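Input: a single structure, listed below in structure tokens.
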Amino acid sequence: MFRRVEAELTHALQVLTDIQVALSEACIVTIIDQDGRLMYVNDKYCKITGFVSEEVLGQSYQTLIDGELKPDIEREMYTALSNGRVWSGEIQSRSKKGDQLWVQSTVVPFLNDQGKPHQFISVSTDITDRKRAEEAQREREQQLYTLINAMPDVVLFKDDKGRWLEANETALQLFSIEKSPGTARR
């Protein structure tokens, strides 16, 4: 019986080790104590941020966030985590060199015997490239919008049923249509 239990424990340890290796290759993993201090960061965290673990361990996780979280996001995160619920969202941060980083994070609270969080494990994915692409797309859209509205010609965008989706300033003036509140773009 002892050998069977030992074999099961060995197998379980190997499975956990394999999961840890896979998780560390794919994700940024941090462990934060109930006071908000970083207790563990994995190699992926160090690779992406440029910090070595000794530079950040024991520091408040908030010192590593770029500025402050938006108040509504911070309130949502605090409420969920302090009540023992998982929180997921996007967080802006900075690398050691000062470069902007974005991560999609899921933070899981681990509760003590009294049902209060004693630590949090955050599993994050670097979404910096996606956020940069989204910002570049917004800039291109703004440039196109500015260009179209500067044109003296009528420009209309319609859907496949012929309904107007958008019109430039020239078209609105020609047809004596005023923009309604909330329709102004950027």
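As the structure is a prediction and not an experimental result, all values here were calculated from the model.
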(message) I'd like to know if the side chain of Glu141 pairs up with that of Gln137 as donor and acceptor (distance under 3.5 Å, no hydrogens or angles considered).
(response)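 Yes, Gln137 and Glu141 have a side-chain donor paired with an acceptor closer than 3.5 Å.
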(message) Under 3.5 Å, is there a donor on one side chain and an acceptor on the other for Gln142 and Thr146?
(response)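 Yes - a donor-acceptor pair under 3.5 Å links their side chains.
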Partner of [X] by side chain to side chain contact (heavy atoms under 4.5 Å, CB included), out of [options]:
{"X": "Val103", "options": "Ser122, Ser124, Cys27", "value": "Ser124"}
{"X": "Thr49", "options": "Leu101, Val56, Ile28", "value": "Leu101"}
{"X": "Thr170", "options": "Ile148, Val154, Asp153", "value": "Val154"}

Check this for me: does any side-chain nitrogen of one of [X] and [Y] sit under 4.0 Å from a carboxylate oxygen of the other?
{"X": "Asp159", "Y": "Lys161", "answer": "no"}
{"X": "Glu135", "Y": "Arg138", "answer": "yes"}
{"X": "Glu55", "Y": "Lys96", "answer": "yes"}
{"X": "Glu134", "Y": "Arg130", "answer": "yes"}

(message) Does any part of the side chain of Thr10, heavy atoms only, come nearer than 4.5 Å to the side chain of Gln14, both counted from C-beta?
(response)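 No, side chains not in contact.
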Once you round to the nearest 0.5 Å, how far does [atom1] of [X] lie from [atom2] of [Y]?
{"X": "Ile48", "Y": "Thr128", "atom1": "CD1", "atom2": "OG1", "answer": "7.5 Å"}
{"X": "Gln92", "Y": "Ile127", "atom1": "CD", "atom2": "CD1", "answer": "10.0 Å"}
{"X": "Arg37", "Y": "Leu57", "atom1": "CZ", "atom2": "CG", "answer": "11.5 Å"}
{"X": "Asp35", "Y": "His118", "atom1": "CG", "atom2": "NE2", "answer": "13.0 Å"}
{"X": "Met77", "Y": "Phe120", "atom1": "CE", "atom2": "CZ", "answer": "10.0 Å"}
{"X": "Tyr45", "Y": "Tyr40", "atom1": "OH", "atom2": "OH", "answer": "12.5 Å"}

Are [Y] and [X] connected into the same hydrophobic cluster when the rule is that any two of I, L, V, M, F, W, Y join if their side-chain heavy atoms are below 4.5 Å apart?
{"X": "Leu156", "Y": "Leu147", "value": "no"}
{"X": "Trp102", "Y": "Ile91", "value": "no"}
{"X": "Val86", "Y": "Val107", "value": "no"}
{"X": "Leu23", "Y": "Ile31", "value": "yes"}

(request) For side-chain hydrogen bond (donor to acceptor under 3.5 Å, both in side chains), just list the numbers for Ser88 and Thr106, CA-CA rounded to whole Å, side-chain angles, deciding distance to a tenth of an Å, and then say yes or no. (result) CA-CA 4 Å; Ser88 291; Thr106 298; 3.0 Å; yes
(request) Keeping the roles fixed (side chain from Asn149, backbone from Glu169), state whether a donor-acceptor pair exists under 3.5 Å. (result)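 Checked: pair present.
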